[in-house]
Amino acid sequence: MEADTREAVAERIQQATPEEKISGMFCESAFLAMRELLGREQADEVRAATWPTRPWVSFVHYPVVDLLRMVSASAELLEKRGLMSYAQGLEELGGWVTRIIQSTPVSRAYRLAAGNDPHERMALALGSARILVTYGERKYEREGPTDARLLFKRELMGPSWMLGSYIVVAQAIPDVQISVTLGPCREPGMNFQLHCSW
């Protein structure tokens with residue numbers, strides 16, 4: 001699998017369990033990203049059509065399937081407008097969410113504590129997912145002084161979303177150019193690797 005597809009996202013939605021949840025802060029950030037990319041009116045329509053009526057509370061966790069439905073519908077709209085492919089839409093949304101979350105005081109404090117070492121910052125970003133999600137396994141492997149692998153198992157947001165997210169993480173590290181690429185990825189996009197080099 002080289003890029004996310006509607007079918008892969010639909011399969012991940014089918015395989016997700018009610019216990020697999022994501023934080024309200026993540027959901028709010030996704031909605032803000034949708035507004036940036038789709039415009040307020042269209043983002044509101046997507047939310048109304050795909051999200052249950054309950055509001056988000058930052059530190060409450062919600063079923064990840066609801067978020068997957070919402071971002072999938074957004075990526076479809078971006079593709080229908082001819083702006084980007086479905087997979088690129090998911091990647092762009094993942095990047096926007098990461099930018100929004102990185103702007104929070106807690107994220108800034110974590111980054112200051114980790115310093116500017118690319119290995120430390122990328123590992124910190126990967127480890128901090130435990131705050132936001134209740135599912136999946138993530139592992140950071142240092143492959144050399146300027147190379148690393150991020151391993152994902154049962155990552156329901158999928159490879160395109162995570163690629164967009166970690167490209168933004170890499171861009172925020174000063175004084176270094178980091179390339180983030182998708183490595184091996186098994187259908188339906190829950191088990192995959194990202195490769196980082198600088």
Side-chain angles (χ1 to χ4, degrees), residues 1 3-107 125 128-136 138 152 154-169 185 187-190 192:
M1 179 174 178
D4 239 329
T5 64
R6 281 175 205 74
E7 296 78 19
V9 174
E11 181 63 28
R12 292 196 302 268
I13 288 170
Q14 289 296 318
Q15 290 189 29
T17 67
E19 294 78 28
E20 293 175 315
K21 298 185 177 188
I22 199 156
S23 78
M25 178 174 67
F26 198 94
C27 298
E28 290 170 321
S29 298
F31 183 62
L32 291 173
M34 289 167 45
R35 283 187 166 186
E36 284 292 327
L37 294 169
L38 297 172
R40 182 183 190 118
E41 186 177 310
Q42 197 131 48
D44 288 345
E45 288 174 13
V46 169
R47 180 180 178 177
T50 59
W51 191 268
T53 56
R54 64 183 177 266
W56 293 303
V57 177
S58 288
F59 294 103
V60 171
H61 284 78
Y62 300 93
V64 69
V65 295
D66 294 335
L67 180 63
L68 283 168
R69 285 186 189 106
M70 190 168 72
V71 299
S72 179
S74 298
E76 285 181 25
L77 279 174
L78 290 166
E79 184 177 52
K80 283 180 187 172
R81 288 183 180 177
L83 299 173
M84 56 192 75
S85 71
Y86 179 82
Q88 290 168 329
L90 291 175
E91 186 177 323
E92 192 68 23
L93 285 161
W96 269 99
V97 167
T98 300
R99 278 185 206 92
I100 293 165
I101 290 173
Q102 282 185 337
S103 70
T104 65
V106 170
S107 289
S128 67
R130 287 183 294 244
I131 297 167
L132 300 172
V133 302
T134 64
Y135 59 84
R138 292 148 198 89
F152 297 87
R154 199 159 176 80
E155 174 51 67
L156 295 165
M157 293 307 295
S160 294
W161 182 280
M162 299 311 289
L163 178 61
S165 179
Y166 283 93
I167 287 172
V168 169
V169 168
C185 180
E187 294 281 351
M190 291 194 295
F192 57 93

*Please examine the side chains of Val133 and Lys21, heavy atoms only from C-beta on, and report whether any two atoms are closer than 4.5 Å.*
no
*Are Ile101 and Leu132 close enough that some pair of their side-chain heavy atoms sits under 4.5 Å apart?*
yes
*asked:* Do Phe26 and His61 make a side-chain contact, defined as non-hydrogen atoms from C-beta onward lying under 4.5 Å apart?
replied: no
*Would you check if Leu83 and Glu92 make a side-chain contact, meaning some heavy-atom pair closer than 4.5 Å?*
no
*In chain order, what residues pass the side chain to side chain contact (heavy atoms under 4.5 Å, CB included) check against Leu77, with sequence neighbours excluded?*
Leu38, Gln42, Val46
*About how many Å separate CE of Met70 and CZ of Arg47, when rounded to the nearest 0.5 Å?*
7.0 Å
*asked:* Please enumerate all residues that pass ring-ring contact (aromatic ring centres under 6.0 Å, His included) together with Trp51, with sequence neighbours excluded.
replied: Trp56
*Taking the side chain as C-beta and beyond, is there a heavy-atom pair between Val71 and Val97 under 4.5 Å?*
no
*Could you name each residue pair satisfying salt bridge (charged side-chain N to carboxylate O under 4.0 Å, His left out) that touches residues 154-166, not counting sequence neighbours?*
Glu20-Arg154, Arg138-Glu155
*What pair of heavy atoms forms the shortest contact from Ala43 to Phe31, and how long is it?*
O-CE1, 3.5 Å
_pair Met34-Leu93: side-chain heavy atoms closer than 4.5 Å_ = yes
*For Leu32, side chain to side chain contact (heavy atoms under 4.5 Å, CB included) partners two or more places apart*: Ile100
*At what distance, to the nearest 0.5 angstrom, does CD of Glu11 lie from CE of Met190?*
7.5 Å
*All pairs passing salt bridge (charged side-chain N to carboxylate O under 4.0 Å, His left out) where residues 25-35 contributes a residue, at least two apart*: Arg35-Asp44
*Quick one: CG on Leu163 to CE on Met157, what's the gap to the nearest 0.5 Å?*
13.5 Å
*Passes side-chain contact (heavy atoms from CB on, under 4.5 Å), Phe192 versus Met1? Steps please.*
CA-CA 9 Å; Phe192 57 93; Met1 179 174 178; over 6 Å; no
_Heavy-atom side-chain proximity of Gln15 to Leu156 below 4.5 angstrom_ = no
*Enumerate the residue pairs fulfilling salt bridge (charged side-chain N to carboxylate O under 4.0 Å, His left out) with a member in residues 58-78, sequence neighbours excluded, ordered by first and then second residue.*
Arg6-Glu76, Arg54-Asp66, Asp66-Arg69
*asked:* Could you check whether any side-chain N or O of Ser29 sits under 3.5 Å from a backbone N or O of Met25, counting only pairs where one atom can act as donor and the other as acceptor?
replied: yes
*Minimum-distance pair of heavy atoms, taken over all atoms of Tyr135 and Ile22*: OH-CD1, 3.9 Å
*Over all heavy atoms of both residues, which pair between Tyr166 and Ala125 is shortest? Give the atoms and the distance, please.*
OH-O, 3.4 Å
*Run the side-chain hydrogen bond (donor to acceptor under 3.5 Å, both in side chains) check on Ser72 and Tyr86 step by step: do they pass?*
CA-CA 8 Å; Ser72 179; Tyr86 179 82; 2.6 Å; yes
*List the atom of Leu78, the atom of Gly89, and the distance in Å for their closest heavy-atom pair.*
CD1-CA, 3.9 Å
*What closest approach, in Å, do Cys27 and Tyr62 show between heavy atoms, and which atom pair accounts for it?*
SG-CD1, 4.4 Å
*Any side-chain heavy-atom pair of Arg12 and Val64 under 4.5 Å*: no
*asked:* To check you understand the geometry: which heavy-atom pair defines the closest contact between Gly189 and Pro159, and what is its length?
replied: O-CD, 3.2 Å
*Give a yes or no answer on whether the side chain of Ser160 reaches the backbone of Leu90 with a donor-acceptor pair at less than 3.5 Å.*
no
